[in-house]
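Working notes, structure below.
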Amino acid sequence: PGSPPKQEDVQKQPSSPPLPRQNAKVTPPSPPKIITDKDGRFELTRVGMLGEGGFARVYEVKDRKGRRTACKVVTKMSLKTKKAKTKLWAEIKIHKSLEHPNIVKFQDCFEDDDNVYMTLELCHNGSLMDLLRRRRRFSEPEARFFMVQLIGACHYMHNHQVIHRDLKLGNIFLDANMNVKVGDFGLAALIESPGERKKTICGTPNYIAPEVLFDTANGHSFEVDTWSIGVILYTLVIGKPPFQTKDVKTIYNRIRNNEYDFPTDRIVSLEVQELVTRILTTDPSSRPTLHEILDNRWFTRGTVPSNIPVTAHDHRPDFS
Ligand code: ADP
C-alpha cells in the first residue's frame, strides 16, 4: 500500500491478445545454498535474491575468491518442451556473443541435476524501473545520461544483428557507478540475412511498436528497439509510459492511433517533446536512426552529465 503499482509486472501476461512471452508459471527454482556443477569447476554461495522473472530467479552469489556476481537460475522442469529449450539456448547464444560496456556481461553457464545456471555481471543499483519508482521522474540531464548509454548499447547490438525486442525500464540495470547495463535477452532475435523480417508478436505492452501488433504480414526489424527507446525517453522525463492505461487492449488501440500527450502539469522542454514525437513515428521506415537521435538538439544543446551520483536514488542531482 502506498507504493505505485508494478506496471510492467502487472502487464507481463496480458489476457488478450496473448503475447508468447514465456511459459506458464512453473514452480520457481530453489537452488542449494552452495551451487556447484558436476566437474567442480564452479562453486558459488548464494548470498541473497536479486529478483524474479517469468521463469527464472536471479541470486547474488559469491565465488571461492569472494567475488560477487549475479546468477540466473532456470529449473530443468521448465525446460521440458523443445520450444522452451530452444528459447533458452537462443537467449544464451545471443547474450554470450555481446560484449559492450553498457550491456550486462554474460560470464558462464553450467548445470546441475535440477537447474541451468547463468552467471552475469552484478548490477548493484537495480533497474531504472526501481529507480523511477523512488524518484517519480528524472531531470532532463539525468535522462540524457541514461539515454546516451542505452542508445550506445542498442547501436552495438544492431551492428551485431541483434534486436533486443524488450527494451524497457525493468530491463535496464545500473552498476555500482550508476552506469547503464542492458540485460534480459529472453526475447532477443538474431537477423541472419539482410532484410529478414521477424514475425513473432512479442514484447511488453507499454513498449511494443505498432508494426509488431498491426503489420504482422510484413513483420518487424531493428526499428522496434528505436520505438521502445522513444517510450523509455518519455517515461524517464514524464514518469509514466505514454500509452499507459489499465487494460492492454486500450494500450494497443492508443499505440495504433499514436494517441498520447504531454501532461501540462509537468514541465518538460519543448525539445524533448519534439524528440519523443519524432521517435514515436508509426511508420518504422520513417523513424530516426540511432545516430540521428543522438544528433538531435535535445542532446547536442543540453547538459550530458559525465556520471550520475549514487545519491540520485533519493533526490535529483544538481548539474548546474
Ligand atoms: P526474466 O528473463 O525471467 O524476466 P530477468 O533477467 O529480467 O528475468 O531477471 C529478473 C530480475 O532479476 C530482474 O528484474 C532484476 O531485479 C534481477 N536481475 C537480473 N539480472 C540482474 C543482474 N545482472 N544484476 C542484478 N539484478 C539482476
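Atoms within each ligand, like the ligands themselves, are counted from 1 in listed order.
- The hydrophobic cluster containing Phe42 also includes Ile35, Leu44, Met49, Tyr59, Val61, Val73, Phe110, Tyr117, under a criterion of side-chain heavy atoms closer than 4.5 Å among ILVMFWY residues, counted directly or through chains of members.
- In the candidate list Glu91, Lys72, Met129, Lys72 is nearest to atom 2 (O) of ligand 1, counting heavy atoms.
- For atom 23 (N) of ligand 1, the nearest non-hydrogen atom from the set Arg57, Lys181, Glu121, Lys168 belongs to Glu121.
- With respect to His155, the ring-ring contact (aromatic ring centres under 6.0 Å, His included) criterion is satisfied by exactly one of His291, His164, His160: His291.
- Comparing Ala70, Gly183, Gly126 by heavy-atom distance to atom 22 (C) of ligand 1, the nearest is Ala70.
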Evaluate Lys198 against Arg165 for side chain to side chain contact (heavy atoms under 4.5 Å, CB included), listing each step before the verdict. CA-CA 10 Å; Lys198 291 290 172 189; Arg165 301 201 296 186; 3.7 Å; yes
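- Heavy atoms of His124 found under 4.0 angstrom from ligand 1: none, in either backbone or side chain.
- A ring-centre distance under 6.0 Å is found for Phe262 and Tyr234.
- Listed by number with element, the atoms of ligand 1 under 4.0 Å from a non-hydrogen atom of Asp184 are 1 (P), 2 (O), 4 (O), 5 (P), 6 (O), 7 (O).
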Checking side chain to side chain contact (heavy atoms under 4.5 Å, CB included) for the pair Thr75/Thr27: CA distance, chi angles, key distance, verdict? CA-CA 8 Å; Thr75 59; Thr27 318; over 6 Å; no
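- An N or O contact shorter than 3.5 Å is missing between Val58 and ligand 1 by distance.
- Between Lys181 atom NZ and Lys105 atom NZ the span is 10.0 Å, to the nearest 0.5 Å.
- For Leu50, heavy-atom contacts with ligand 1 shorter than 4.0 Å involve the backbone as well as the side chain.
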